[in-house]
There are 2 protein chains.
Amino acid sequence: MPELDIDRVFHALGDPTRRAILDRLCHGPLSVSRLAEPLDITVTAVAQHLQILAESGLVYTEKIGRVRICRIETAGFTLLQKWISDRRSLWDRRFDQLGDLLAEPEVEK
Amino acid sequence: MPELDIDRVFHALGDPTRRAILDRLCHGPLSVSRLAEPLDITVTAVAQHLQILAESGLVYTEKIGRVRICRIETAGFTLLQKWISDRRSLWDRRFDQLGDLLAEPEVEK
DNA sequence: CGAATACTGAAGTTTCCACTTGACTATTTC
DNA sequence: GAAATAGTCAAGTGGAAACTTCAGTATTCG
């Protein structure tokens, strides 16, 4: 279990293929080769994507026999959601403090 | 105004320097050179990052005189938040449908 | 007006990352 | 036990993207 940070999560989600994989997994668990089918890249490439997704806490995989089953893992999503709400509240707080827009001479002291 | 899609947003947020820029802007608007100060990259590089952030609806910039003022723009964050909640609800729905875990022979038919 | 400031544009470099190939291992199935 | 299946490992390639340099354009200040 690699230490789960937001850097990994954003890097993982930055790739459209990885987001496509997540989209399919939202509807239920799938094997590696099943995931590869609609994507026109090799199974190896898919496995590489899955490793990145797993390391960022977005996917959980488990090898049963010769098949690796992949599922959505919520940890990564939770971390991401926290990141957004943290920044949102920081920014929103600014609007409350001052009258904003009008009468604001300084652009950070 | 370029069409604002989630692809751009995720690509923009995939870079740690751009996230650092956003973090600073959460505390208030800043000029390009002010943003560049703590980052050890050139002003040009910062301007390039800002363009990407602007194109993804995460930052709004406005040139006043010779200074370009940069602020957080909420559109990108809103889009991102929607993306997460859409996927979360899809995945959560699965758990409700079936008894999950136990008694689930198929891995997508 | 001349100098300094704040940025912009174009072009080149370098680094990174998605993807491939080909050989290999482990598990089923016949 | 041989063949098929499912995935893994290591190494290499190509292209995108982050960053630089340097020259240029407005704008403001003395």
Side-chain angles (χ1 to χ4, degrees), chain A residues 2 5-25 28-56 58-71 105-109, chain B residues 2 5-25 28-56 58-71 105-109:
Chain A
D5 61 321
I6 197 71
D7 202 8
R8 285 176 186 274
V9 175
F10 274 120
H11 171 246
L13 293 172
D15 183 85
T17 304
R18 283 193 284 267
R19 289 201 307 278
I21 289 174
L22 287 180
D23 280 353
R24 299 207 35 233
L25 291 179
L30 286 169
S31 69
V32 177
S33 46
R34 208 54 97 89
L35 277 169
E37 273 171 14
L39 310 167
D40 56 352
I41 54 176
T42 60
V43 177
T44 306
V46 174
Q48 286 165 357
H49 282 306
L50 284 167
Q51 200 188 336
I52 290 168
L53 287 167
E55 281 169 1
S56 53
L58 292 162
V59 156
Y60 169 73
T61 76
E62 188 184 7
K63 192 150 184 180
I64 299 168
R66 63 182 170 181
V67 177
R68 181 172 293 278
I69 300 295
C70 311
R71 308 169 181 271
E106 35 75 59
V107 174
E108 182 181 78
K109 193 166 32 293
Chain B
D5 61 321
I6 197 70
D7 202 8
R8 285 175 187 274
V9 175
F10 274 121
H11 170 246
L13 292 172
D15 183 86
T17 304
R18 284 194 283 268
R19 289 200 307 278
I21 289 174
L22 288 179
D23 280 353
R24 300 209 33 236
L25 291 180
L30 286 169
S31 69
V32 177
S33 46
R34 207 55 96 86
L35 278 169
E37 273 170 14
L39 310 167
D40 57 351
I41 53 176
T42 61
V43 178
T44 306
V46 174
Q48 286 165 356
H49 282 307
L50 285 167
Q51 200 188 336
I52 290 168
L53 288 167
E55 283 170 357
S56 54
L58 293 162
V59 157
Y60 168 73
T61 75
E62 189 183 6
K63 191 146 184 183
I64 298 168
R66 63 183 168 179
V67 178
R68 181 173 292 278
I69 300 296
C70 313
R71 308 167 182 272
E106 34 75 62
V107 174
E108 184 180 77
K109 191 168 33 294

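Values below: every heavy atom of this structure, side chains too, minus hydrogens, waters and symmetry copies. Below, chain A is the first sequence line, B the second, and so on; all start at residue 1.
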Interatomic distance where CG belongs to B:Leu35 and P belongs to C:dA6 [whole Å]
13 Å
Could you tell me how far apart B:Asp7 (CG) and D:dA17 (P) are, to the nearest whole angstrom?
10 Å
Under 4.0 Å between any heavy atoms, over every strand shown, what does B:Thr42 touch: base, sugar-phosphate, or nothing? Just pick one.
base
How long is the line joining NZ of A:Lys63 and P of C:dT28, in whole Å?
10 Å
Is there a side-chain contact between A:Thr44 and A:Gln48 in this structure, where contact means two heavy atoms from C-beta onward sitting under 4.5 Å apart?
yes
Quick check for you: to the nearest 0.5 Å, what is the distance between A:Leu53 atom CG and A:His11 atom NE2?
10.5 Å
Under the side-chain hydrogen bond (donor to acceptor under 3.5 Å, both in side chains) test, residues paired with B:Glu37 that sit two or more places apart:
none
Quick one: list whatever passes salt bridge (Lys or Arg N to Asp or Glu O under 4.0 Å) with A:Arg18, sequence neighbours left out.
none
Closest non-hydrogen atom pair between A:Pro29 and A:Arg71, with its separation:
CG-NH1, 3.2 Å
Length of the line joining B:Glu37:CD and C:dT5:P, which is rounded to integer Å
13 Å
Looking at every heavy atom in both B:Ala20 and B:Leu39, which two are closest together, and how far apart are they?
CB-CD2, 4.4 Å
According to side chain to side chain contact (heavy atoms under 4.5 Å, CB included), who are the partners of A:Ser33, at least two apart in sequence or on a separate chain?
A:Ser31
Check the interface with nucleotides 12-16 of chain C: list each N/O to N/O pair with the protein under 3.5 Å, or write none.
none

Atom-pair distance (CD1 on A:Ile21; P on C:dA18), nearest Å:
11 Å
Checking A:Leu35 now: which residues fulfil side chain to side chain contact (heavy atoms under 4.5 Å, CB included) with it, not counting sequence neighbours?
A:Ile21, A:Arg24, A:Leu25, A:Leu30, A:Val46, A:Leu50, A:Cys70
The single option from A:Ile6, A:Asp5, A:Val9 passing side-chain contact (heavy atoms from CB on, under 4.5 Å) against A:Ser56
A:Val9
Taking N or O atoms only and anything under 3.5 Å, show me the protein contacts with nucleotides 24-27 of chain D, one pair per line.
| unit_1 | atom_1 | unit_2 | atom_2 | d |
| --- | --- | --- | --- | --- |
| D:dT27 | O2 | B:Arg66 | NH1 | 3.2 |

Does any residue of residues 43-51 of chain B have a heavy atom under 4.0 Å from DNA chain D, and if so, which ones, in number order?
B:Thr44, B:Ala45, B:Gln48, B:His49
Can you check the A:Leu30 CG to D:dA6 P distance for me, whole Å?
14 Å
Write down the atom of B:Thr61, the atom of B:Val59, and the distance for their closest heavy-atom approach.
CG2-CG1, 3.6 Å
At under 4.0 Å, does any side-chain N or O of A:His11 touch on OP1 or OP2 of C:dA18?
yes
Selection residues 60-70 of chain A - residue pairs positive for salt bridge (Lys or Arg N to Asp or Glu O under 4.0 Å), sequence neighbours left out
none
Rounding to 10 degrees, work out the angle separating the end axes of the helix from C:dC1-D:dG30 to C:dC30-D:dG1 (five pairs an end).
20°
Side chains of A:Leu22 and A:Leu13 in contact at under 4.5 Å (non-hydrogen atoms)
yes
Would you say C:dT5 has OP1 or OP2 under 4.0 Å from some side-chain N or O of B:Ser33?
no
Rounded distance (Å) that lies between atom P of D:dC19 and atom CD1 of B:Ile52
9 Å
For A:Asp15 and D:dA16, give me the distance from atom CG to atom P, rounded to whole Å.
14 Å
C:dA18, OP1 or OP2 - any side-chain N/O from A:Arg18 closer than 4.0 Å?
yes
Once you round to the nearest 0.5 Å, how far does CG of A:Leu58 lie from CZ of A:Arg19?
11.5 Å
Using heavy atoms to find the nearest nucleotide of DNA chain C for A:Thr17 and B:Arg68 separately, return the residue whose nucleotide is more 5′.
B:Arg68
For A:Gln51, what residues pass the side-chain hydrogen bond (donor to acceptor under 3.5 Å, both in side chains) criterion, not counting sequence neighbours?
A:Glu55
For a quick check of understanding: with a heavy-atom distance under 4.0 Å over all strands, which category does A:Leu39 fall into, base, sugar-phosphate or nothing?
nothing
Residue whose nearest DNA chain C nucleotide is more 5′ - A:Ile41 or B:Val67
B:Val67
